[in-house]
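The block underneath contains the structure these notes are about, expressed in structure tokens.
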There are 2 protein chains.
Amino acid sequence: MKSEKISQLTTNRLSIYLRCLKELASEGLTSVSSDSLADRFHLNSAQIRKDLAYFGEFGVRGVGYDIALLRDHIIRILGLDRSYNLAIIGAGRLGSALVDYEGLLRSSFHVKALFDVDPKKIGKKVGGITITDLKNFQSVVKKANIDVAVIAVPANAAPDVFEKIKKAGIRAVLNFAPVRLNADDEMRVRSLDVNSGLESLSYFLTERPQPGDKPKPAGKARKSAQ
Amino acid sequence: MKSEKISQLTTNRLSIYLRCLKELASEGLTSVSSDSLADRFHLNSAQIRKDLAYFGEFGVRGVGYDIALLRDHIIRILGLDRSYNLAIIGAGRLGSALVDYEGLLRSSFHVKALFDVDPKKIGKKVGGITITDLKNFQSVVKKANIDVAVIAVPANAAPDVFEKIKKAGIRAVLNFAPVRLNADDEMRVRSLDVNSGLESLSYFLTERPQPGDKPKPAGKARKSAQ
DNA sequence: ACCTGTGAAATCGTTCACAGCA
DNA sequence: TGCTGTGAACGATTTCACAGGT
């Protein structure tokens with residue numbers, strides 16, 4: 001508990017716990033122990049306790065956690081007790097889908113701007129948001145007080161867009177393009193990348209006969225079949 | 001080296017290395033050292049070497065790695081040298097966007113079926129794929145030899161859809177719904193969850209004054225201010 | 001009796017540093 | 001000399017197991 005650094009693994013799990021607590025709350029439950037929470041959602045109870053302990057003592061020994069209370073604590077810890085303005089770059093199918101994604105409606109995140117470079121799209125509306133020319137990115141971002149940029153453009157356009165985001169001083173990026181974006185320490189990029197997801201599934205489906213009967217030497221021409 | 005278990009972190013990085021190698025190859029380069037690869041893409045060269053070493057000796061001491069060769073090795077390791085049939089469940093904006101997502105076009109993954117429950121959608125086409133009634137899931141999955149299911153339905157529908165996927169014997173799932181799906185060991189679920197992504201950004205943006213000056217005891221009523 | 005919070009142990013992952021090959 | 005492959009050191013994360021509240 002001292003002022004240690006909190007690992008990202010921990011905060012990602014807080015996000016999961018929050019979702020679980022919301023589900024329990026919606027069932028009308030009021031209290032839960034780390035064990036029952038773990039059983040129900042396939043988590044580890046010691047880890048739940050440890051994760052929470054980094055931030056305070058939210059439970060009562062012998063009793064468990066008050067669901068509503070713990071939920072609100074996690075909301076505060078994650079910074080979800082305020083609202084964030086999003087800008088989406090790329091008004092293709094994905095970008096448009098995000099504008100009125102149901103999950104965003106009840107959340108702390110609100111789409112305030114949608115950009116594209118296609119003159120045929122600029123000026124049109126998607127879910128109440130007018131598509132703006134990417135040329136005006138910087139000024140619109142300032143005016144709308146954007147906190148988070150969402151990259152929903154094709155891979156080849158993503159690096160340029162990322163530079164624009166950097167220049168505009170936006171510190172948080174959600175990236176859907178299948179590219180590596182090199183962020184400095186001032187920024188945080190989260191990539192939700194369909195390809196990586198599928199590739200990891202591919203590895204899982206590839207039943208390796210043995211994970212360790214590998215080909216041997218490298219070299220360009222096999223020295224001889226011998 | 002020995003038949004150790006390969007960590008998921010390693011295979012995820014292979015996916016990244018693959019992307020990097022493709023980029024280098026497209027620039028006409030033929031050879032690269034772990035150091036230059038690391039510099040260029042902000043990776044760690046020792047880690048690259050170690051990750052690769054789990055699967056074989058792909059490099060040449062004093063020289064480096066042959067880009068095309070290493071790329072092909074990783075493709076084989078990840079099981080990307082064959083093709084996979086996808087079924088997408090949910091023909092909303094997200095599901096439809098995925099059907100002709102550019103990233104999928106040049107990949108090993110091919111959308112073979114698209115399901116929905118909405119009678120108004122069933123029978124219509126999206127990017128060459130006819131939307132099928134979810135009722136026929138099991139039989140269509142068998143006929144089309146589906147390897148991977150993609151969940152693109154609202155959160156409340158996701159658990160039922162997941163059960164259907166399980167019953168149909170599909171072992172790999174890409175989940176876009178913001179819910180926890182409890183997979184057994186036979187299955188692998190990868191969740192690409194917009195909400196978790198945003199919540200992790202939210203934590204990052206929440207400048208904690210000190211990560212460790214927490215509230216203290218819990219308990220319902222403070223015993224006294226004393 | 002029950003359940004949290006937490007040191008200590010165990011496990012897992014990363015980085016170092018260098019032997020050995022081209 | 002240059003760069004890989006790899007034990008060994010280090011660091012991070014998870015799990016155990018129990019002291020201490022209620």
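The figures that follow rest on heavy atoms only: side chains count, while hydrogens, waters and symmetry mates do not. The chains referred to below are lettered A, B, ... by the order of the sequence lines, with proteins before strands, and numbering in each begins at 1.
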Handout entry: Value in whole Å for how far the P atom of C:dC3 lies from CZ of A:Arg61
Key = 14 Å
Exercise for the section: Measure the acute angle between the ring planes of B:Tyr84 and B:Phe109, then classify it against the limits of 30° and 60° as parallel, tilted or perpendicular. Expected result: parallel
Handout entry: Minimum-distance nucleotide (side-chain atoms of B:Tyr65 versus D:dT14, D:dT4, D:dT6)
Key = D:dT4
Exercise for the section: Please determine if a side-chain N or O atom of B:Ser7 lies less than 4.0 Å away from the OP1 or OP2 oxygen of C:dG13. Expected result: yes
Problem - Toward the 5' end of DNA chain D, by each residue's nearest nucleotide, A:Arg13 or A:Gly62 - result: A:Arg13
Completion exercise
Per the under-4.0 Å heavy-atom filter, residues of residues 31-51 of chain A near DNA chain C come out as A:Ser33, A:Ser34, A:Arg49, A:Lys50
Problem - B:Asn12 CG to C:dC12 P, straight-line distance once rounded to whole Å - result: 17 Å
Problem - Shortest side-chain distance from A:Glu57, nucleotide among C:dG20, D:dT13, C:dT6 - result: C:dT6
Practice task
Would you check if B:Val153 and B:Phe176 make a side-chain contact, meaning some heavy-atom pair closer than 4.5 Å?
Solution key: no
Handout entry: Donor-acceptor side-chain pairing of B:Asp66 and B:Ser31 below 3.5 angstrom
Key = no
Handout entry: Nucleotide C:dG5, atom P - distance to NE2 of A:His73 in whole Å
Key = 11 Å
Exercise for the section: Classify the nucleic acid contact of A:Thr10 as base, sugar-phosphate or nothing, counting any heavy atom under 4.0 Å across all strands shown. Expected result: nothing
Fill in the blank from the handout: Here the distance between atom C1' of C:dC12 and atom CD of B:Gln8, to the nearest Å, is 14 Å
Exercise for the section: Whole angstrom is fine here: how far is it from OH in B:Tyr54 over to P in C:dC12? Expected result: 12 Å
Problem - Within-4.5 Å side-chain heavy-atom neighbours: A:Val141 and A:Ile170 - result: yes
Handout entry: B:Leu9 CG to C:dT11 P, straight-line distance once rounded to whole Å
Key = 18 Å
Practice task
Kindly indicate whether the side chain of A:Phe41, heavy atoms from C-beta on, has any atom under 4.5 Å from the side chain of A:Leu24.
Solution key: yes
Practice task
Would you indicate whether the side-chain heavy atoms of A:Phe58 and A:Asp72 approach each other to under 4.5 Å?
Solution key: no
Problem - d(CG, A:Leu70; C1', C:dG5) in whole Å - result: 14 Å
Completion exercise
Exactly one of B:Arg188, B:Arg171, B:Arg82 clears salt bridge (charged side-chain N to carboxylate O under 4.0 Å, His left out) with B:Asp147, and that residue is B:Arg82
Practice task
Using a 4.0 Å heavy-atom cut-off across all strands, classify A:Leu52 as base, sugar-phosphate, or nothing.
Solution key: nothing
